[in-house]
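Proteins get letters first, then strands, A, B, ... in listed order; numbering begins at 1 in each.
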Amino acid sequence: MRHISRNDVMNLFNDIRARVIDALDAMVAAGDLPQGLDFANVTVEPPRDPAHGDMATNAAMVLAKPAGMKPRDIAEKLAARLTDGPIASVEVAGPGFLNLRLAPGIWQDQVRAALDGGEDFGRSTYGAGQKVNVEFVSANPTGPMHVGHLRGAVFGDALASLLGFSGHDVTREYYVNDGGAQVDVLARSAYERYREANGLEPQIAEGLYPGDYLIPVGEALKARYGDSLIDKPEEEWLVEIRDFATAQMMDLIRGDLALLGISMDIFSSERALYGTGRIEAAIERLRSAGLIYRGTLEPPKGKLPEDWEAREQTLFKSSEFGDDVDRPIQKSDGAWTYFAPDIAYHWDKIDRGFDQLIDIFGADHGGYVKRMNAAVKALSNGRVPLDVKLIQLVKLFKNGEPFKMSKRAGTFVTLRDVVEQAGADVTRFHMLTRKNDAPLDFDFAKVLEQSKDNPVWYVQYASARVHSVLRRAAELGVDVSDAALAKADLSKLDHPAELELIRKVAEWPRQVEHAARAHEPHRVAFYLYDLASSLHSLWNRGNDETGLRFVQDGDLDTTASKIALARSVGVVISSGLGILGVTPAEEMR
RNA sequence: GCACCCGUAGCUCAGUUGGAUAGAGUGACGGCCUCCGAAGCCGUAGGUCACAGGUUCGAAUCCUGUCGGGUGCACCA
């Protein structure tokens, strides 16, 4: 029998799949199957219909064609080799599925595994320690974060946690766009506030940042420079004020992130790439691969920009890597485009030894992903995969009414506004209740509502019920420590309604692994909702069937078994919420 | 015009990387509290998975085309 790691034991589905693969290997050895088959598509999954048993495998069907055999023949030979250990019985069904029934106690063992593992239950090693870089937020350092940044921030942080939980070595990274014209605008805006602090009338011209958040920056500048910069030409103060203001803005942003419980491992500066030869070196690397040339791009088809004119530019041959056209890396005046330092930046990430890169962009930057993918492919010789996740817009509502925002009118909503009104836990969970590429509605009234319409509340309510029942059992004299509960007689948990909940708990390792593979943390949120639903369902059955209540007056042993189940649900909820960055509730009052 | 994302119940959305009879919430209707937390649970109703082809044992899922919505399209970042 193949060696099974502790991790695989925790993921029952992987364990059973390993047994199926072993049986297939044995069939090959015995000549029942041809050599050289690929078992990668063999899956073991919970069947949708419970009547189909505990688990089902498609092995016979996916192997029929490559093996040149009938599914039914494979299925029957495979079935004969599977009834062993945890698998109690096997039947061939439908077009060639093998429906597996597990031996008594196997599911219950998963409850024990959850209690033994605690919040490590479901942790996996499939990431194999791979170094993954998750770059997210990367908001321009020109002001506080607003709602537009909020969702990407939560998504990136949760994805990073999810990958860490599944065995990756994760770095959270922020790319500071401090190299372009917008930080000069910031400097000029801050300068006006500096003049204001010196008692002069600020002249916030069109195009400057009007926000109040620069007023304290102006005062800090006064404290530092007095009036020595007043009426001096821009050349004398631009760089100093720019660097100062940028640093202040980054402090602001770090504070905003902290409100959400987000802490970056690294802030990488775009500006720091200039003048170090890093950009030139990155471009040179592409040039030596024959991917840089001087050329003139075709005008875009369809509506032609008014001021379009043919220009010779330095181009990157991104079209060789799936991009639609080649992309300019230098402007006509010879300065780098935004793309050039970004190429250098990604090369730097590759250079730092990451095995996998993930970028999180707003959906409005979708047009950028092909060229970035092309660059990373070219720079790493295809070694390092880049996955760009696009985050769709958040639509704000208040009691069903759309919340109009306008930067000009000063009514744009900051991240701080949202978190202070809704709370970090609610905000974070709600941001993850949609797939990243689907638009999301955020209604300040609804997210705070206490009903099952609100998934945050619903999951928290389940958590609170678990804690409630643990408290009651403790009052009756049950030792509710995990170590003690793990010793309870779990074979008492044999009612179909209880088994249904146990199955949900047992699915956690599998769900979290799938979520990690897909880079989709929202799956964790949906699973938790589902798990909460199963708990509520069992709970309410206890109203009619008193034998199903978690607390059984006068029978401490049975209570301990049932509390063990409740606690395993609680363990998974806090583990799952932990990945999402949400604190589980102990009570709702 | 081109590229990317999306199209699933009246509404808002999931859908286990191709599996068996497509699921939740909400809204509508009907049940369940002398009972561990009813802020909950159970049931009924509701579908041509935008449309048309194709791939195969098998498609909401993969490919092609069409329609509809969003986003982006040289010297902005």
- Item | A:Tyr458/A:Tyr529 aromatic ring centres below 6.0 Å | yes

- Message: Side chain of A:Asn140, heavy atoms from C-beta onward: which of B:A77, B:U16, B:C36 has the nearest atom to it?
- Response: B:A77

- Task: Answer with yes or no whether the side chains of A:Ser268 and A:Glu173 bring together a donor and an acceptor at under 3.5 Å.
- Result: yes

- Message: Using the side-chain heavy atoms of A:Pro328, tell me which of these nucleotides is nearest: B:A74, B:C36, B:A77.
- Response: B:A74

- Does the side chain of A:Tyr527 come under 3.5 Å of the side chain of A:Arg523 through a donor N or O and an acceptor N or O? no

- B:G37 OP1/OP2 closer than 4.0 Å to side-chain N/O of A:Ser468: yes

- Query: Looking at A:His467, does any N or O in its side chain come under 4.0 Å of the phosphate oxygens OP1/OP2 on B:C36?
  - Reply: no

- Task: Please report, rounded to the nearest Å, how far the C1' atom of B:C57 is from the CG atom of A:Asn58.
- Result: 12 Å

- Verify the contact: side-chain N or O of A:Lys331 to OP1 or OP2 of B:A77, cut-off strictly under 4.0 Å; return yes or no. yes

Could I get a table of every N or O pair under 3.5 Å where one atom is in the protein and the other is in nucleotides 25-27 of chain B?
from, atom 1, to, atom 2, distance (Å)
B:G25, O2', A:Asp453, OD1, 3.3

- Message: Output one letter per nucleotide in nucleotides 2-7 of chain B: B when a protein non-hydrogen atom lies under 4.0 Å from the base, S when only the sugar-phosphate is that close, - when neither is.
- Response: -SSSS-

- A:Asn41 CG to B:C57 P, in whole Å, measures 14 Å

- Nearest-Å distance, CD (A:Glu45) to P (B:G19)? 6 Å

- So, are A:Lys562 and A:Glu498 salt-bridged, with charged N and O less than 4.0 Å apart? yes

- Roughly how many Å is it from CZ in A:Arg311 to C1' in B:C75, rounded to a whole number? 5 Å

- Item | Test: A:Arg371 and A:Asp342 ion pair at under 4.0 Å | no

- Message: Checking side-chain polar atoms at under 3.5 Å, does A:Asp359 have a donor or acceptor matched by the opposite partner on A:Tyr175?
- Response: no

- Given B:A74, B:C57, B:C42, the nucleotide with the shortest approach to the side chain of A:Glu309: B:A74

- Message: Roughly how many Å apart are B:G58 and B:U44, using the P atom of each and rounding to a whole number?
- Response: 32 Å

- Query: Looking at A:Phe13, does the NZ or CZ of A:Arg510 lie under 6.0 angstrom from its six-membered ring centre and within 45 degrees of the ring axis?
  - Reply: yes

- Span that lies between the P atom of B:A50 and that of B:A9, in whole angstrom: 8 Å

- Message: Among B:A77, B:C41, B:A38, which nucleotide has an atom closest to any side-chain atom of A:Tyr458?
- Response: B:C41

- For RNA chain B, the dot-bracket notation using Watson-Crick and G-U wobble pairs below 3.5 Å, [ ] for pseudoknot-type crossings and | for other-strand pairs, is (((((((..((((.....[...)))).(((((.......))))).....(((((..]....))))))))))))....

- Message: If I take atom CZ in residue A:Phe526 and atom C1' in nucleotide B:G15, what distance separates them, rounded to the nearest angstrom?
- Response: 10 Å

- Message: I'd like the P distance from B:C49 over to B:A3, given in whole Å.
- Response: 27 Å

- Task: Give the C-alpha distance, both sets of side-chain angles, the deciding distance and a yes or no for side chain to side chain contact (heavy atoms under 4.5 Å, CB included) between A:Val90 and A:Asn99.
- Result: CA-CA 6 Å; A:Val90 183; A:Asn99 290 334; over 6 Å; no

- Message: OP1 or OP2 of B:C75 versus the side-chain N and O atoms of A:Trp336: is any pair under 4.0 Å?
- Response: no

- Can you tell which of B:U16, B:A38, B:A77 lies closest to the side chain of A:Tyr461? B:A38

